[in-house]
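Here the structure comes first, spelled out in structure tokens, and everything after it is commentary.
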Amino acid sequence: MALTDFFSNFNLFARWLHVFAGILWIGHLYFFNFVNLPLQASLDDATKKAVNPKLMPRALWWFRWGAMITFLSGLLLFTMGYMYTPGMGFGPSALFSDSSGMTQRAIWILMGMALATLMWFNVWFIIWPAQKKLLSGQAAGEEAAALRSRAALASRINTYSSGPMLYGMLAASHYTAINAVTLLVFVLLGLAPIFHAYKSSLKVGQSV
Ligand code: HEM
């Protein structure tokens, strides 16, 4: 029925938009943490003053709007899949709960959504306000240093969260079973590449 059924077509479009915007957001997050962080540490102040006011506003624009579209399309997907049943209307669907309570699929997606929503909050209410003040020269001295470390911490939390968060997104519809062991294993499998990427970002790609 996929070609004529509006709900399925719209669902696929929303899913595509969600993953597209997610790539835009998390791609910039990884650029900031694995490329720009070690780069900035190697630049002198004059170069930073010349480069950053041109680079950062552009990169932060794609970053924060990618986060917003990912978040909104994610809420739309959640509503369509877990809080709506075609022909029956709104309310918890069979994907959300069954006779034995909340489904394992719902637990996975709620875990992913909780992490991703924290990440979205960090982007819009911590990282972006801090960067806006820093880039527009509204903060100096101690205030600037405090804003910088607050934004850096939020960015690091987001980078670590992104690994386990993505398992939550994917496991919901492609794996489903959840218990303490599967959760722990996939959280660790999500964190390990991030640790490794941070470590190797100090060494890799400095020359061709
Ligand atoms: C910001 C808050 C987010 C919310 C509320 C959210 C919500 C959702 C929902 C409800 C689904 C559908 C799950 C299902 O069909 O069972 C989903 C799938 C998915 N999400 Fe998110 N998400 C968020 C962030 C992200 C981010 C940052 C990424 C990173 C790329 C991402 C990547 C994905 C992927 C790859 C899928 C699976 C698509 C599929 O297998 O069909 N999401 N998300």
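For ligands, and for the atoms within them, numbers begin at 1 and follow the listed sequence. The residues of the chain are indexed from 1 along the displayed sequence.
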Side-chain heavy atoms under 4.5 Å apart, restricted to Ile/Leu/Val/Met/Phe/Trp/Tyr: what other residues fall into the cluster of Val19, or is it alone?
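Once heavy-atom contacts under 4.5 Å are chained together, Val19 belongs with Ile23.
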Please say whether more than 12 non-hydrogen atoms of neighbouring residues, nucleotides or ligands are located less than 6.0 Å from CH2 in Trp62.
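For Trp62, atom CH2 is not crowded (no more than 12 foreign heavy atoms under 6.0 Å).
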Is it the case that more than 12 heavy atoms not belonging to Phe20 sit under 6.0 Å from its CZ atom?
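Open.
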Would you kindly check if the NZ (Lys) or CZ (Arg) of Arg105 is within the cone defined by 45 degrees around the ring axis of Phe96 and under 6.0 Å from the six-membered ring centre?
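No, a cation-pi geometry is absent between Arg105 and Phe96.
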Tyr175-Thr182 side chain donor-acceptor pair, cut-off 3.5 Å
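No, no side-chain donor-acceptor contact under 3.5 Å.
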Value rounded to 0.5 Å, distance of NE2 in His28 from CH2 in Trp61:
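His28 atom NE2 to Trp61 atom CH2 measures 10.0 Å (nearest 0.5 Å).
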Give one line per pair: atom of ligand 1, protein atom, distance. Only N/O to N/O under 3.5 Å.
unit_1   : atom_1 : unit_2 : atom_2 : d
ligand 1 : 15 (O) : Arg15  : NH1    : 3.0
ligand 1 : 15 (O) : Arg15  : NH2    : 2.9
ligand 1 : 15 (O) : Arg105 : NH2    : 3.1
ligand 1 : 16 (O) : Tyr82  : OH     : 2.4
ligand 1 : 16 (O) : Arg105 : NE     : 3.1
ligand 1 : 16 (O) : Arg105 : NH2    : 2.9
ligand 1 : 20 (N) : His18  : NE2    : 2.9
ligand 1 : 22 (N) : His18  : NE2    : 2.8
ligand 1 : 40 (O) : His174 : NE2    : 2.7
ligand 1 : 41 (O) : Arg15  : NH1    : 2.8
ligand 1 : 42 (N) : His18  : NE2    : 2.8
ligand 1 : 43 (N) : His18  : NE2    : 2.9

